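First the structure, in the form of structure tokens, and then the observations on it.
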Protein chains: 2
Amino acid sequence: MKPAATQSAADVYSETCPSRRALELIANKWALLVVPALRRGPVRNNELLRQVGGISQKMLTQTLRELELNGLVVRSDHGTVPPRVDYALTELGASLSKALLAVDRWAEAHHDQLRPASRRTGR
Amino acid sequence: MKPAATQSAADVYSETCPSRRALELIANKWALLVVPALRRGPVRNNELLRQVGGISQKMLTQTLRELELNGLVVRSDHGTVPPRVDYALTELGASLSKALLAVDRWAEAHHDQLRPASRRTGR
DNA sequence: CAGGATCCAGTGGGATACTG
DNA sequence: CAGTATCCCACTGGATCCTG
């Protein structure tokens, strides 16, 4: 058994650590955008489609489903006609959104400091 | 010119905003692991290969090159034999590593709270 | 409005082999 | 040691069409 107290031992640098799964869940640009997009409260599908520029319905649904399956998001289907479904973060999701928001903010704040790297020249 | 003061208008939620490129640069699990792995100072290739469990030489090189091109990492080739090359974060990279480290820490701290979504069964 | 189902081109990324 | 070069295929994700 485990001494409970301190512990953790969770090491995302270890290939076999289950925390890797958590990391892979959020290591894609749509999750990085969708999660923080929900931080202010429930948002409807269509609203997300508009907020998250460039995302397709397919990827939005897929991303939300994945997050829902992992308990980061809750889906509320009001069962009305026309349909109204909205998504909200769970507490767990909210804790994650803080970390991801910081990443988004970093991108916004520093993108202009990146080397024009990617083939600025050619073409 | 612009008042520079407050906002920067950079909006990662806009498909066309250049900050998207920054986001996509770091929205993958290897970058999420490699960048924080460099936060304590220069690290050699082989060392990274061992530290970042599961990464292949190919992906390590690819990730490092991408980061280098964008000015997040500096590569130092000592030109010796046998070869000795090490990588270090630039200041910009260091600022990013803080945000990414928080994400890694989140994964380590909360992975056991994720629903056993592994339900890949369906199919 | 929310979203499933398909099709399919593009790419991510592992395995393996070779080099200075 | 630190890469580069191939082969190769599973998956990513956009486009398009369909439904309750």
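All values derive from a computational prediction rather than experimental measurement. Chain A is the first sequence line, chain B the second, and so forth, proteins listed ahead of strands; every chain is numbered from 1.
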Exercise answer: donor-acceptor pairs, residues 22-29 of chain A side-chain atoms, under 3.5 Å, sequence neighbours excluded:
unit_1  : atom_1 : unit_2  : atom_2 : d
A/Glu24 : OE2    : B/Lys29 : NZ     : 3.0
A/Asn28 : OD1    : A/Trp30 : N      : 3.1
A/Asn28 : OD1    : A/Ala31 : N      : 2.9
A/Asn28 : ND2    : A/Leu25 : O      : 3.4
A/Lys29 : NZ     : B/Glu24 : OE2    : 3.0

Phosphate OP1/OP2 of C/dA2: any A/Asn46 side-chain N/O under 4.0 Å: yes
Which side-chain N or O atoms in residues 80-95 of chain A pair as donor and acceptor under 3.5 Å with protein atoms at least two apart or in another chain?
unit_1  : atom_1 : unit_2   : atom_2 : d
A/Thr80 : OG1    : A/Pro82  : O      : 3.0
A/Asp86 : OD1    : A/His78  : NE2    : 3.4
A/Asp86 : OD2    : A/His78  : NE2    : 3.4
A/Thr90 : OG1    : A/Gly71  : O      : 2.7
A/Thr90 : OG1    : A/Leu72  : O      : 3.2
A/Thr90 : OG1    : A/Leu92  : N      : 3.3
A/Thr90 : OG1    : A/Gly93  : N      : 3.0
A/Ser95 : OG     : A/Leu92  : O      : 2.6
A/Ser95 : OG     : B/Trp106 : NE1    : 2.8

Candidates C/dC1, D/dG14, D/dG3 - which lies nearest the side chain of A/Pro82: C/dC1
Among D/dG3, D/dG14, C/dC1, the nucleotide that comes nearest once only the side chain of B/Arg65 is considered: D/dG3
Between P of D/dT12 and CE of A/Met59, the distance in whole Å: 8 Å
Spacing of A/Asp77 atom CG relative to D/dG20 atom C1', expressed in whole Å: 11 Å
A/Arg84 vs C/dA2: side-chain N/O to OP1/OP2 distance below 4.0 Å: no
Shortest side-chain distance from B/Arg75, nucleotide among D/dG3, D/dC1, D/dG14: D/dG3
Heavy-atom pair of closest approach, residues B/Val52 and B/Ala37: CG2-CB, 4.3 Å
Earlier contact from the 5' end, DNA chain C, for A/Lys58 and A/Thr61: A/Thr61
Smallest separation among heavy atoms of B/Val12 and A/Glu108, with atom names: N-OE2, 2.8 Å
